[in-house]
Amino acid sequence: MKKHFVGKDPKRKLLVKVMSSSSQCVIVGGGPIGCLMACYLSDMGFQCALWEKRSDPRVLHDSGKSINLALSCRGLTALSVLSKDDISQLKSLQESVPMPCRYIRLLDELDQKQLYSNDPSEFLHSVNRQRLNNDLLDLAEKKGIKVTFEHPLVGLDLEKKQASFLNATSKEVVLVPYNTLWAADGSNSEARKQLLKYKGFPDKTKKFRDGYQEYEIQAKDGKYQLSNPEAFHVWPRTGSSFFIALPNADKTFTCTLFCPAEGPECVGKFSDQEIVDLFRNQFPDVYKIMGDEKIKADHKANPFSSLYYVDTDVWHHKGEVVLLGDAAHGVVPYLGLGINLGMEGVYHMRNIIMRHRKSHTNFIDWEAIFHEFSGFKPDCDYLKDAAIRNADELHKDVKDPHFLFQKEVELELQKRFPTQFIETHGILSFTNVPLRVCKRQVETQEQIVKTICAGKNKMSQVDFEEAAKLISQNCSPDLYAECNWYCQLPPRVSKL
């Protein structure tokens, strides 16, 4: 490793370290997506080095700002191709809590339970993000992957194939040559910014109308403090805010308050008294459990954060740099599928690499691989739009009687036509049907349900013979067969 000083100001020279040799694969970002991609590459025999801007979360318990994970079929599929020994190391998955339904907590009405599926084996897994990240970091290091913390990416020289990382402690810049660079550095990706700047494209990352703040409902006497804990809990409200809670194995709940990111209803600007009043008036059951002091403490400890979604036309540069996860296709969290989308993406990447290696035994055409991976963009675009639409569903639709009736009809249709009609949330969360196929199917199903439910409010009024005719005319005879359409996806994976 060479060291030299650079800088125009002789009084403030910057010490630069130059790594003497390049890794085959440099991964930027030590979150779940970067770690999983690093593990895949290591298993395929590639030398990897992983760089992360945060401190080691296993030492300082620095999880960053994150909403608890709702792991589903697409994410589980990506993890299922790890070895049995590797999977056994992921203790966070063994501690996951099943969520087979939404539990809607209304203000002045009886609470409502909304099943995601008729099949009891189909449920979301509530997983602690920090613990999963820690497990994957442990697994990466076990495979011999060097992980360097407290080194954010600050520059990318695409001509020299050299990345610049800043040592957060010494302020030294480390210049790291690479053969391929895999950017999994999140929705605010520095690698994406550098890549787009080089290519002359605008960064179309957009700020969403809502932001969020995290809270916690603690356990009491070793028990959950909310009834029906094994569920995705939602407090929809007629105003601009709503609240969600996901259960943890330690009997706590990870909670998120969503509200406008700007204006007088943004809780980030609330005083202690204003935030307590909001909980007392809008979420009285939560208020009774948490109390004034806990609400104030969480409000102070957890800064209000904005939500962003990513829409970029560039996913790679030649066969040298590629964007992964939120860096390429960040979505808002209202479907609970962001982590699953990221994992599905790197799973596709793994399969593409393996297929190319079988047909090209003497070399790896990374440019062809990265180009093929970019074909996943239409799938991500659909989920991005679906997540935004689902924000309205969580805000208000989940308590609308006709919406609930339509959901009941959807589940009945899925029961009667299991290979042709799959309820919207089910097809996204409990199958590996390609997302672009889901788009077509969901739009068709919504029109069928709208048609047969028009002017009706009871199941006995629904003409299921008409429904059968519409499904036969407009839906694929076997949706699961279409799973092989992209990268040999298994139809479904519900557990590891």
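Heavy-atom basis, side chains included; hydrogens, waters and symmetry copies ignored.
A search for ring-ring contact (aromatic ring centres under 6.0 Å, His included) contacts involving Tyr103 returns His233, not counting sequence neighbours. Residues passing the side-chain contact (heavy atoms from CB on, under 4.5 Å) test with Ala163, sequence neighbours excluded: Leu153, Leu156, Phe165, Tyr178, Leu181. The salt bridge (charged side-chain N to carboxylate O under 4.0 Å, His left out) check on Glu150 picks up nothing, with sequence neighbours excluded. Applying the ring-ring contact (aromatic ring centres under 6.0 Å, His included) criterion to Phe208, with sequence neighbours excluded, gives Tyr334. Residues that satisfy the side-chain contact (heavy atoms from CB on, under 4.5 Å) test with Lys146, not counting sequence neighbours, are Thr148. For Gln114, the side-chain contact (heavy atoms from CB on, under 4.5 Å) partners at least two apart in sequence or on another chain are Arg102, Ile104, Gln112, Val398, Leu404.
In this structure, the side chain of His316 engages the main chain of Lys318 through a donor-acceptor pair within 3.5 Å. Of the possible donor and acceptor atoms, none in the side chain of Glu367 sits under 3.5 Å from a partner among the backbone N and O of Gly319. Formation of a donor-acceptor pair under 3.5 Å by the Arg74 side chain with backbone atoms of Leu337 is not found in this model. Proximity of a side-chain donor or acceptor of Asp326 to a complementary backbone N or O of Ser187 within less than 3.5 Å is not detected. When atom types are taken as modelled, the side chain of Arg131 and the backbone of Leu93 share no donor-acceptor pair closer than 3.5 angstrom. No donor-acceptor pair under 3.5 Å is formed between the side chain of Ser189 and the backbone N or O of Asp185. The backbone N or O of Gln213 lies less than 3.5 Å from no partner atom in the side chain of Asn302, so there is not a single donor-acceptor pair. Judged by distance alone, with hydrogens and angles left aside, the side-chain atoms of Gln89 form no donor-acceptor pair with the main-chain N or O of Leu139 at under 3.5 Å. A donor-acceptor contact shorter than 3.5 Å links the side chain of Asn133 to the backbone of Gly30. Side-chain atoms of Lys251 do not come within 3.5 Å of backbone N or O of Asn248 as any donor-acceptor pair.
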Might you work through the side chain to side chain donor-acceptor pair (under 3.5 Å) test for Asp119 and Ser121, ending with a clear yes or no? CA-CA 5 Å; Asp119 186 341; Ser121 71; 2.8 Å; yes
Can you list the steps and then say if Thr431 with Leu479 is a side chain to side chain contact (heavy atoms under 4.5 Å, CB included)? CA-CA 10 Å; Thr431 80; Leu479 277 169; over 6 Å; no
Before giving the answer on side chain to side chain donor-acceptor pair (under 3.5 Å), spell out for Asn128 and Ser92 the whole-Å C-alpha distance, their side-chain angles and the decisive distance to 0.1 Å. CA-CA 7 Å; Asn128 183 285; Ser92 54; over 6 Å; no
Could you go through the side chain to side chain contact (heavy atoms under 4.5 Å, CB included) check for Lys91 and Asn134 one step at a time? CA-CA 10 Å; Lys91 304 300 183 184; Asn134 291 353; over 6 Å; no
Please step through salt bridge (Lys or Arg N to Asp or Glu O under 4.0 Å) for the pair Asp379 and Arg436, ending with a clear verdict. CA-CA 5 Å; Asp379 302 79; Arg436 67 187 72 185; 2.6 Å; yes
What verdict does the side chain to side chain contact (heavy atoms under 4.5 Å, CB included) test give for Leu82 and Asp43, after you've listed the backbone C-alpha separation in whole Å, the side-chain angles of each residue and the deciding distance to 0.1 Å? CA-CA 9 Å; Leu82 295 170; Asp43 286 347; 4.2 Å; yes
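Across all non-hydrogen atoms, the minimal contact from Val127 to Ser96 is CG2-CB, 3.8 Å. For the residue pair Ala78 and Val81, the shortest heavy atom distance occurs at O-CG2, 3.3 Å. Ile217 approaches Cys255 most closely through the heavy-atom pair CG1-SG, 3.6 Å. When every heavy atom of Glu230 is checked against every heavy atom of Cys101, the shortest pair comes out as O-SG, 4.3 Å. Nearest heavy-atom pair, Met343 versus Pro32, reported as atom, atom and distance to 0.1 Å: CE-CB, 4.5 Å. Shortest non-hydrogen contact noted between Asp135 and Leu90 is OD2-C, 3.4 Å.
Taking the centre of each ring, Tyr198 and His317 come in below the 6.0 Å mark. For His151 and Phe149, the gap between ring centers reaches or exceeds 6.0 Å. Checked against the 6.0 Å centroid threshold, Tyr215 and Phe279 count as a close aromatic pair. Phe46 has its ring centre less than 6.0 Å from the ring centre of Trp366. Between Tyr224 and Phe253, the gap from one ring centroid to the other is short of 6.0 Å. Aromatic ring centres of Trp315 and Phe370 lie farther apart than the 6.0 Å criterion allows.
Two residues are said to be in side-chain contact when any heavy atoms from C-beta on lie closer than 4.5 Å; Pro333 and Leu307 meet this criterion. Side-chain contact check for Asn188 versus Lys193: some heavy-atom pair is nearer than 4.5 Å. Side-chain contact between Cys39 and Lys143: present, with at least one pair of heavy atoms (C-beta onward) separated by less than 4.5 Å. The side-chain heavy atoms of Ile352 and Tyr347, taken from C-beta on, include no pair separated by under 4.5 Å. Looking only at side-chain heavy atoms (C-beta outward), Val267 and Leu257 come within less than 4.5 Å of each other. Between Lys384 and Tyr309, some side-chain heavy-atom pair lies under the 4.5 Å cut-off. When side chains are defined from C-beta on, His125 counts as touching Leu76, because their heavy atoms get closer than 4.5 Å. Here the side chains of Glu372 and His356 are in contact, with some heavy-atom distance below 4.5 Å.
Other residues, nucleotides and ligands contribute only 12 or fewer heavy atoms inside 6.0 Å of the NZ atom of Lys113.
Summarising the geometry, atom CD belonging to Gln130 is positioned 10.5 Å from atom OG1 belonging to Thr254; distances are rounded to the nearest 0.5 Å. Atom NE2 in His348 sits 9.5 Å away from atom OG1 in Thr77 (nearest 0.5 Å). Separating the CZ atom in Arg129 from the CG atom in Leu71 is a distance of 11.5 Å, to the nearest 0.5 Å. Put simply, CG on Leu36 and CE on Met349 are 12.0 Å apart, with the number rounded to the nearest 0.5 Å. Rounded to the nearest 0.5 angstrom, Phe232 CZ and Asn68 CG are separated by 10.5 Å. One distance of note links CG of Asn340 with CG of Leu69; it measures 8.0 Å at 0.5 Å rounding.
Using a 4.0 Å cut-off between charged nitrogen and carboxylate oxygen, Lys294 and Glu216 count as a salt-bridge pair. Salt bridge present: Arg58 and Asp56 bring a charged side-chain N and a carboxylate O closer than 4.0 Å. For Asp313 and Lys204, the salt-bridge test passes: some basic side-chain N is under 4.0 Å from an acidic carboxylate O. Salt-bridge formation is detected for the pair Lys377/Asp311: a Lys NZ or Arg NE/NH1/NH2 atom is positioned less than 4.0 Å from an Asp or Glu carboxylate oxygen. Salt-bridge formation is not detected for the pair Lys197/Asp203: no Lys NZ or Arg NE/NH1/NH2 atom is positioned less than 4.0 Å from an Asp or Glu carboxylate oxygen.
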